[in-house]
Each structure stands twice: as C-alpha cells, then as structure tokens.
Amino acid sequence: MQAGLLRDPISFYALISLQDRSGALTKTITPVLDTRCARRKLVTEGMTVNALEEFISSTLRVQVRYNAVITDKLHFEYDGKKYRITLLDKQHDNTYLITATRLNTGEL
C-alpha cells in the first residue's frame, strides 16, 4: 500500500441485540472503531470499461489497515452511507480489502 493512500474517514459499528425485562429484543448500534480508508475501484477481468461502477452502485470496496477488531459481523459508515461487510479479504501487506453492500435507510 502506498504511503498517504488512506485519506477517507470510515467508522465501524457493531449491531448488538439487547433483551429488556419484558423479553423484547432491541437492536442498538455501538461504535467500535474510527479509522481511515482508501476506496478501491471495481476491477473485472476482460472488460476495459470503467463505467461499471455506475451500474453497481450498491457495492463498495475499501482498503483499511489490519485491525483485530474488524470482523465480517460489523457494519460501517463511509461518505455518509451505511454498509454491511460481505467479504473481508486480508492482503499480504497487512491490510484488509473489504467488499460491502449498501444498506437501505431504514435498515440497521
């Protein structure tokens, strides 16, 4: 990874289900980690068109430094939008390449 590549802020959140005295489950979001990331372009083999991201707007790929706190159970917020981690790929240079899917506004 190049020096100075991690410029964009990213916040990771854990979704925790708590049960109250009556037995009802309530889901709460607790912040876990605030760090910086680099957005990665989607690369498809054999295609030379770079406009593919126009059609796959719900998928995002970012690269962050390795941290033991980051798991595939977490959600994160990037550029004001919330995402769910679908693939967590550890790279040889001690970073994670995260593929995520955008959540709807009412979704946790």
Side-chain angles (χ1 to χ4, degrees):
M1 182 170 52
Q2 293 177 331
L5 193 63
L6 304 175
R7 288 177 270 187
D8 302 326
I10 188 170
S11 301
F12 289 92
Y13 298 97
L15 184 65
I16 298 174
S17 297
L18 298 174
Q19 188 172 15
D20 61 3
R21 290 177 49 186
S22 66
L25 288 175
T26 57
K27 294 181 180 178
T28 59
I29 298 174
T30 59
V32 175
L33 177 69
D34 290 330
T35 187
R36 296 196 169 269
C37 71
R39 183 167 183 197
R40 295 310 215 179
K41 299 284 185 184
L42 289 173
V43 178
T44 56
E45 291 185 31
M47 294 185 70
T48 58
V49 178
N50 290 335
L52 184 64
E53 288 187 343
E54 293 292 324
F55 304 106
I56 309 176
S57 62
S58 64
T59 303
L60 175 73
R61 291 183 69 197
V62 293
Q63 187 173 13
V64 296
R65 290 191 203 284
Y66 171 78
N67 192 326
V69 174
I70 301 173
T71 63
D72 58 352
K73 305 271 190 251
L74 299 178
H75 293 94
F76 65 87
E77 184 174 349
Y78 173 78
D79 197 26
K81 298 172 184 77
K82 296 188 188 296
Y83 294 89
R84 176 177 39 90
I85 296 175
T86 54
L87 179 65
L88 190 61
D89 188 19
K90 187 168 183 200
Q91 302 294 306
H92 66 279
D93 59 350
N94 206 23
T95 61
Y96 275 138
L97 189 61
I98 300 172
T99 304
T101 304
R102 186 172 170 192
L103 297 173
N104 292 330
T105 53
E107 229 177 321
L108 285 178

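If you read the sequence from its start, that first residue is 1, and numbering goes on from there. Every value quoted in this text rests on a predicted model; they were computed, and no experiment measured them.
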Exercise for the section: Assess whether side chain to side chain contact (heavy atoms under 4.5 Å, CB included) is satisfied between Thr95 and Val64, documenting all intermediate values. Expected result: CA-CA 6 Å; Thr95 61; Val64 296; over 6 Å; no
Exercise for the section: Under the side chain to side chain contact (heavy atoms under 4.5 Å, CB included) rule, what do Val32 and His75 come out as? Steps first, then yes or no, please. Expected result: CA-CA 10 Å; Val32 175; His75 293 94; over 6 Å; no
Practice task
For Asp8 and Tyr78, run side chain to side chain contact (heavy atoms under 4.5 Å, CB included): C-alpha distance rounded to whole Å, both residues' side-chain angles, the deciding distance at 0.1 Å, then the answer.
Solution key: CA-CA 8 Å; Asp8 302 326; Tyr78 173 78; 3.0 Å; yes
Exercise for the section: Report the C-alpha distance between Tyr13 and Thr30 in whole Å, list the side-chain angles of each, state the deciding distance to 0.1 Å, and finish with yes or no for side chain to side chain contact (heavy atoms under 4.5 Å, CB included). Expected result: CA-CA 6 Å; Tyr13 298 97; Thr30 59; over 6 Å; no
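The two atoms that bring Ala100 and Tyr83 nearest to each other are CB-CB, 3.8 Å, heavy atoms only. Smallest separation of non-hydrogen atoms from Arg65 and Ile70: O-CD1, 4.2 Å. Of all heavy-atom pairs spanning Ala38 and Leu6, the tightest one is N-CD2, 3.6 Å. The two residues Leu74 and Val69 have their closest heavy-atom pair at CD1-O, 3.6 Å. For the pair Lys90 and Tyr66, the tightest heavy-atom approach, listed with the atom from each and the gap, is CE-CD1, 3.7 Å. For Arg61 against Leu97, the heavy-atom pair with the smallest separation is NH2-CD2, 2.6 Å.
For the pair Asn67 and Thr35, the minimum side-chain heavy-atom distance is 4.5 Å or more. Proximity of Phe12 to Asp34: side-chain heavy atoms (C-beta onward) are nowhere separated by under 4.5 Å.
Checked against Gln63 for a side chain to side chain contact (heavy atoms under 4.5 Å, CB included), the options Asp93, Ile98, Asp89 give a single hit: Asp93.
A donor-acceptor pair under 3.5 Å is formed between the side chain of Arg36 and the backbone N or O of Arg7. Panel note: side chain Thr86, backbone Thr99; a donor-acceptor pair is recorded below 3.5 Å.
Going from atom OG1 of Thr26 over to atom CD of Gln19 covers 9.0 Å, rounded to the nearest 0.5 Å. Atom OG1 of residue Thr28 and atom CG of residue Leu15 lie 7.5 Å apart, to the nearest 0.5 angstrom. Taken to the nearest 0.5 Å, the CG atom of Leu25 stands 13.0 Å off from the CD1 atom of Ile16. For the atom pair Arg39 CZ and Asp79 CG, the distance stands at 8.0 Å (nearest 0.5 Å).
Using modelled atom types and a 3.5 Å distance limit, the side chains of Ser11 and Glu77 yield no donor-acceptor pair.
A cation-pi contact, defined as under 6.0 Å to the ring centre and within 45° of the axis, is absent between Lys81 and Phe76.
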